[in-house]
Amino acid sequence: MADKVYISGAKPLRGEVQIGGSKNSTLAIMAACLLVPGEVRLSHVPAIGDIRTMAAMLAALGARVERRGHEMCIDATCFRAAEAPEELVRKMRASFYVLGPMLARWGRARAALPGGCDIGTRPVDYHMRGLRALGAEVEIDRGFITARTRGLTGGRIYLDFPSCGATSHLMTTACLARGVTTIENAASEPEITDLAEFLTRMGAQIHGQGTSTITVQGVDRLHGGEYTVVPDRMEAGTYAVAAAITGGAVTLRGVVPEHLQPVIMKMREMGVSLTSRTALDPYDSELRVHAAGRPKAVDILAMPHPGFPTDMQQPVMALLSLCEGSAVITDRVFESRFKYVAELRRMGADIRLDGRTAVVRGVEKLTGASVRATDLRAGAALIVAALAARGDSEISGLEHLDRGYEDMSRKLSALGAEIERTATTRPMPAAVEA
Ligand code: EPU
């Protein structure tokens, strides 16, 4: 029987929570390790489902992958495969990022079209065009992509939209291409900068990361080394919202405040107090979140970085469902990232959808309900909503949540939440009227 989470809500969270390493940064870095014929040691690798899937992928391709706690050692010296196992690519979109490194090292690569969270059509046309610009022949046949090259060469790539996945995949692949590659309209998310810094540490020559034009000067080979993954801004943002929605006071440790700027600014506009303290080690840097009273309504426009992150749109929607007034939330990144709204409505939220826009009319209270996560960030939204709701909630679909949040029930419980994760079904009492 699958686990469920039971939350008895309306308890303010208090205390301190440690934020782990970035999921999306680690996934891209792990795929990039396939370019390195040597040992790479990574620290602050989160213990989450997606990382386990990527580790299984690298191992299936012949790399040595060892993990102890939050340290991971990857050695792709013996990696020889040129075909990614279908079940792993279907399970997680980021496992498709191994295509370029396979091509760069062995001149051929094959992978199934990727799966992942169901939040839109999520095509891979930019990846394919980019690999062609680097001198590969790329074909799609019966759901598989096959790429071949006699040697990658630098090229000019323009992305129609600043895609995170295409930017990281192509930037990584270009590291071993002969000559210079430029990626125009590149994504500038902190995870891209982190990947570029990792690759540079391993001997790559990359410039312009964090801007919309990235230049890669190809090198003959990369070498092993050590790297610390950047903290996860989405995990931090989720706990900041959990603190705010319960009217609590929580210190998040392991936050790079600049990475969370749009979230911090919008939460301040809502009337939440957020103060940061930066330390030399980002895992010691802190963000203190203190909320008093109902949030004020603010509009949210999810856009590529430095715009408001699409991955935070969902927990923030839960917070805004309790706001004073009405808020408009628009997602310009993914076309169908509002599937979780029906579940929030079950908890009493008043939300209307019109295409990529949601209109939230703030209600005074949410009430506990039995709800199901439909994707990773939807799961985060339901958890934070349940923390604020009066009465008991039952949340299922935890396999989505486990892909991206380490030990969420334990961390929330340490902050004072009444939360239990169990495989035993509990009877749900009728919603409590306050
Ligand atoms: N797009 C295309 N063609 C492509 C690639 C992308 O049209 O070849 C479009 C997408 O359909 C989408 C837009 O470009 O409309 C942006 O997609 P992007 O490629 O940036 O998304 P991604 O790389 O698939 C990553 C994260 C997501 C995060 C987005 C946006 C990973 C593993 N995933 O996805 O994270 O929402 O960037 O920031 O890095 C999550 O963590 O919950 C998550 C979904």
Side-chain angles (χ1 to χ4, degrees), residues 20-32 46 48-51 53-54 57 88-89 91-100 113-133 138 140 145 157-172 183 185-195 212 229-230 232-238 259 262-263 302-315 330-337 339-340 356 373-381 399-406:
S22 160
K23 165 178 85 77
N24 290 345
S25 187
T26 310
L27 288 171
I29 288 173
M30 287 174 74
I48 52 176
D50 275 6
I51 298 298
T53 304
M54 186 59 98
M57 169 64 86
L88 294 174
V89 185
K91 199 166 170 189
M92 181 186 70
R93 185 176 170 86
S95 50
F96 178 71
Y97 299 172
V98 301
L99 194 82
L113 284 164
C117 280
D118 179 15
I119 53 180
T121 50
R122 304 186 85 184
V124 288
D125 52 331
Y126 305 166
H127 299 247
M128 290 175 58
R129 287 214 303 268
L131 293 175
R132 285 189 187 117
V138 186
I140 293 195
I145 298 193
I157 297 169
Y158 172 78
L159 302 178
D160 295 336
F161 188 93
S163 151
C164 295
T167 303
S168 46
H169 188 194
L170 298 170
M171 179 173 78
T172 300
I183 307 175
N185 202 24
S188 60
E189 268 70 1
E191 294 78 19
I192 306 285
T193 305
D194 201 35
L195 171 65
S212 59
V229 175
V230 77
D232 195 307
R233 63 194 170 113
M234 304 313 169
E235 188 189 20
T238 304
H259 295 174
V263 177
M303 304 240 291
H305 192 74
F308 191 92
T310 167
D311 294 337
M312 281 303 298
Q313 172 259 99
Q314 304 83 338
T330 307
D331 196 322
R332 290 257 175 91
V333 181
F334 290 111
E335 70 274 17
S336 59
R337 222 176 178 184
K339 289 186 179 151
Y340 64 101
R356 287 181 170 216
T374 49
D375 69 65
L376 169 58
R377 307 298 169 189
E399 65 280 9
H400 296 293
L401 207 66
D402 291 342
R403 291 179 59 177
Y405 291 91
E406 180 175 332

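Because the structure is predicted, anything quoted here is derived from the model rather than measured. Residue numbers count from 1 along this sequence. When a ligand or atom number is given, it counts from 1 through the structure's own listing order.
- For Met128, no heavy-atom contact with ligand 1 is shorter than 4.0 Å.
- Considering backbone and side-chain atoms together, Cys164 places an N or O closer than 3.5 Å to an N or O of ligand 1.
- Distances below 4.0 Å separate heavy atoms of Thr310 from the following atoms of ligand 1: 30 (C), 36 (O), 38 (O).
- With a 4.0 Å cut-off on non-hydrogen atoms, Arg93 touches ligand 1 through its side chain and not its backbone.
- The shortest distance between side-chain heavy atoms of His305 and His259 does not fall below 4.5 Å.
- Contact annotation: for Phe161 versus ligand 1, heavy atoms closer than 4.0 Å belong to the side chain alone.
- Contacts of Arg129 classified as side chain to side chain donor-acceptor pair (under 3.5 Å), with partners at least two apart in sequence or in another chain: Asp160.
- Residue-to-ligand polar distances place Arg377 within reach of ligand 1: an N/O pair is separated by less than 3.5 Å.
- Counting the atoms of ligand 1 from 1 in the order shown, those under 4.0 Å from a heavy atom of Gly165 are 19 (O), 23 (O).
- Side-chain atoms of Asp232 and Tyr405, non-hydrogen and from C-beta on, never get closer than 4.5 Å to each other.
- Contacts with ligand 1 closer than 4.0 Å are made by no heavy atom of Phe96, backbone or side chain.
- Residue Val333 places at least one N or O, backbone or side chain, under 3.5 Å from an N or O of ligand 1.
- Shown in contact with His127 at under 4.0 Å from a heavy atom are these atoms of ligand 1, numbered in order with element: 8 (O).
- Against a heavy-atom cut-off of under 4.0 Å, Leu376 is close to the following atoms of ligand 1: 42 (O).
- Looking at Tyr97, Tyr126, Phe334, it is Phe334 that brings a heavy atom closest to atom 29 (C) of ligand 1.
- For Gln314, the heavy-atom gap to ligand 1 stays at 4.0 angstrom or more.
- A pairwise comparison of heavy atoms in Ala166 and Leu159 identifies CB-CD2, 4.1 Å as the closest pair.
- Of the heavy atoms in Asp125, both backbone and side-chain atoms come closer than 4.0 Å to ligand 1.
- The salt bridge (charged side-chain N to carboxylate O under 4.0 Å, His left out) search around Asp50 returns Lys23, Arg403, not counting sequence neighbours.
- Looking at ligand 1, you'll find an N or O of Lys23 within less than 3.5 Å of one of its N or O atoms.
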| What do the steps show when you test Tyr126 against His169 for ring pair (Phe, Tyr, Trp, His ring centres under 6.0 Å), and what is the final call? | CA-CA 10 Å; Tyr126 305 166; His169 188 194; over 10 Å; no
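- Considering backbone and side-chain N/O atoms, Pro123 comes within less than 3.5 Å of an N/O atom of ligand 1.
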